[in-house]
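Contents: one structure, followed by commentary.
Each chain gets a letter, A, B and so on, in the order the sequences are listed, and its residues count up from 1. Keep in mind that this is a model prediction, so the values were computed, not measured.
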2 protein chains.
Amino acid sequence: MEEGTLKSPGHMRDTVTAPAPAAPAGEDTADCVADYPYDVKQWDVREDCEVRQILDRIADKWSLLVIALLDCESLRFTELRREIDGISQRMLTRTLRHLERDGLVSRTVHPTVPPRVDYALTPLGSTLHATIQSLVAWTERHQSEIVAARAAYDAREAREAYGAPGKEHEG
Amino acid sequence: MEEGTLKSPGHMRDTVTAPAPAAPAGEDTADCVADYPYDVKQWDVREDCEVRQILDRIADKWSLLVIALLDCESLRFTELRREIDGISQRMLTRTLRHLERDGLVSRTVHPTVPPRVDYALTPLGSTLHATIQSLVAWTERHQSEIVAARAAYDAREAREAYGAPGKEHEG
DNA sequence: CAGGATCCTTTTCGATACTG
DNA sequence: CAGTATCGAAAAGGATCCTG
């Protein structure tokens with residue numbers, strides 16, 4: 001195994017620079033409400049925090065795609081692989097295992113002669129799917145803006161490379 | 001914000017070869033209408049697709065944290081670094097550069113004697129922030145379920161490791 | 001303080017071969 | 001078909017040094 005399933009220790013830093021603990025339960029999505037005099041963050045971003053770990057996993061490239069793709073009906077292994085362009089068999093297997101372990105997808109094995117395994121979202125996974133979808137929707141809506149921003153950034157950078165004093169060293 | 005709801009409308013997906021309607025595993029998600037004979041997916045998942053590329057970036061571990069943290073007020077480089085536990089200077093720089101290039105955060109340099117650089121969300125970045133927040137909120141809400149699912153998975157796996165015939169290869 | 005450059009370790013990922 | 005196991009390439013990431 002290249003990645004143990006039960007590994008917990010060994011990667012922790014002793015730098016616990018957490019001056020203020022996270023706010024209690026209750027997510028506050030109110031924007032621009034910097035009323036608190038503290039430097040408090042509304043959610044824990046420490047490495048040893050569960051949320052960080054989970055966020056890390058569901059924000060994973062392949063996990064995101066799998067969840068987004070598994071809308072409601074179940075898909076077979078090969079179907080998923082066909083849908084997600086560029087994923088290797090290995091990565092799909094690993095991703096599905098992780099999602100299954102996290103209780104987000106269910107794995108159903110049919111004991112037929114040609115093996116058949118169906119993957120579907122669990123009820124928990126379905127709730128996540130909604131959020132993932134909004135992320136995908138956002139990307140679709142704003143992709144042109146991002147592409148434009150990139151072009152502008154690159155153009156400005158290239159321009160500054162010309163007139164940058166002390167930067168160029170041509171004879 | 002124009003982000004809107006989390007619940008995506010009825011999306012169209014491709015038809016799977018609907019197998020036996022009875023799932024023995026008991027996984028029963030809400031039945032979804034799948035009477036589309038096309039192999040059409042509602043969003044492009046090809047590698048060369050823009051959405052894939054953008055999704056890849058904003059689904060990045062550090063990018064997600066930076067955006068989630070930059071709620072509305074601007075933060076300095078060191079402040080961000082202090083907030084995000086575990087990030088290195090190199091990674092923070094790279095992440096901020098990427099986000100700036102994508103037009104999601106703005107970088108303001110104050111030409112003071114001790115250099116001061118402020119990072120803040122752009123209007124575009126703010127719209128993404130809302131979505132990111134819902135993802136964070138989801139994780140906070142369901143973290144206990146995920147932890148429980150993991151424990152159950154690991155326990156079941158460990159149990160099967162005992163009685164798994166053909167698995168152990170004792171001499 | 002902010003960040004560029006460099007070196008090195010760790011992790012990720014894909015290709016391949018094999019099994020049930 | 002649906003995986004598992006292994007190996008090597010590649011990318012990500014961290015530590016350190018240095019500059020304006």
Taking only residues two or more places apart in sequence or in another chain, which ones pass side-chain hydrogen bond (donor to acceptor under 3.5 Å, both in side chains) with B:Thr95?
none

Quick one: list whatever passes side-chain hydrogen bond (donor to acceptor under 3.5 Å, both in side chains) with A:Ser63, sequence neighbours left out.
A:Asp60

Suppose we screen for ring pair (Phe, Tyr, Trp, His ring centres under 6.0 Å). Which residues come up paired with A:Trp62, at least two apart in sequence or across chains?
none

Looking at residues at least two apart in the chain, or sitting in another chain, which of them share a ring pair (Phe, Tyr, Trp, His ring centres under 6.0 Å) with B:His98?
none

Salt bridge present between A:Asp118 and A:Arg116 (N-O < 4.0 angstrom)
yes

Would you indicate, yes or no, if D:dG3 has its OP1 or OP2 atom less than 4.0 angstrom from a side-chain nitrogen or oxygen of A:Arg81?
no

Under 4.0 Å: is that the gap between some side-chain N or O of A:Tyr119 and OP1 or OP2 of D:dG3?
yes

Test your reading of the model: is there a side-chain donor-acceptor pair from B:Arg52 to the backbone of B:Val45, 3.5 Å cut-off?
yes

Would you mind reading off the distance between [X] atom [atom1] and [N] atom [atom2], rounded to a whole angstrom?
X	N	atom1	atom2	answer
A:Ile84	C:dC13	CD1	C1'	15 Å
A:Asp85	C:dC13	CG	P	16 Å
B:Arg82	C:dC1	CZ	C1'	11 Å
A:His98	C:dT11	NE2	P	13 Å
A:Arg97	C:dC13	CZ	C1'	18 Å
A:Glu157	C:dG4	CD	P	10 Å
A:Leu75	D:dC1	CG	P	15 Å
B:His110	C:dG3	NE2	P	12 Å

Below 3.5 Å is the cut-off: list the nitrogen or oxygen pairs between protein and nucleotides 12-14 of chain D, distance only.
from	atom 1	to	atom 2	distance (Å)
D:dG13	N7	B:Arg90	NH2	3.1
D:dG14	OP1	B:Gly86	O	3.3
D:dG14	OP2	B:Ser88	OG	3.0
D:dG14	N7	B:Arg90	NE	3.4
D:dG14	O6	B:Arg90	NE	3.2

Determine whether any donor atom in the side chain of A:Gln89 lies under 3.5 Å from an acceptor atom in the base of C:dG14, or the reverse, and answer yes or no.
no

Applying salt bridge (charged side-chain N to carboxylate O under 4.0 Å, His left out), which residue pairs with at least one partner in residues 144-153 of chain B are found, sequence neighbours left out?
A:Asp102-B:Arg150

Base, sugar-phosphate alone, or nothing: which one does B:Arg107 contact when heavy atoms must sit under 4.0 Å apart?
sugar-phosphate

Counting heavy atoms from C-beta on, name the nucleotide in C:dG20, D:dG3, C:dG3 closest to the side chain of A:Pro115.
C:dG20

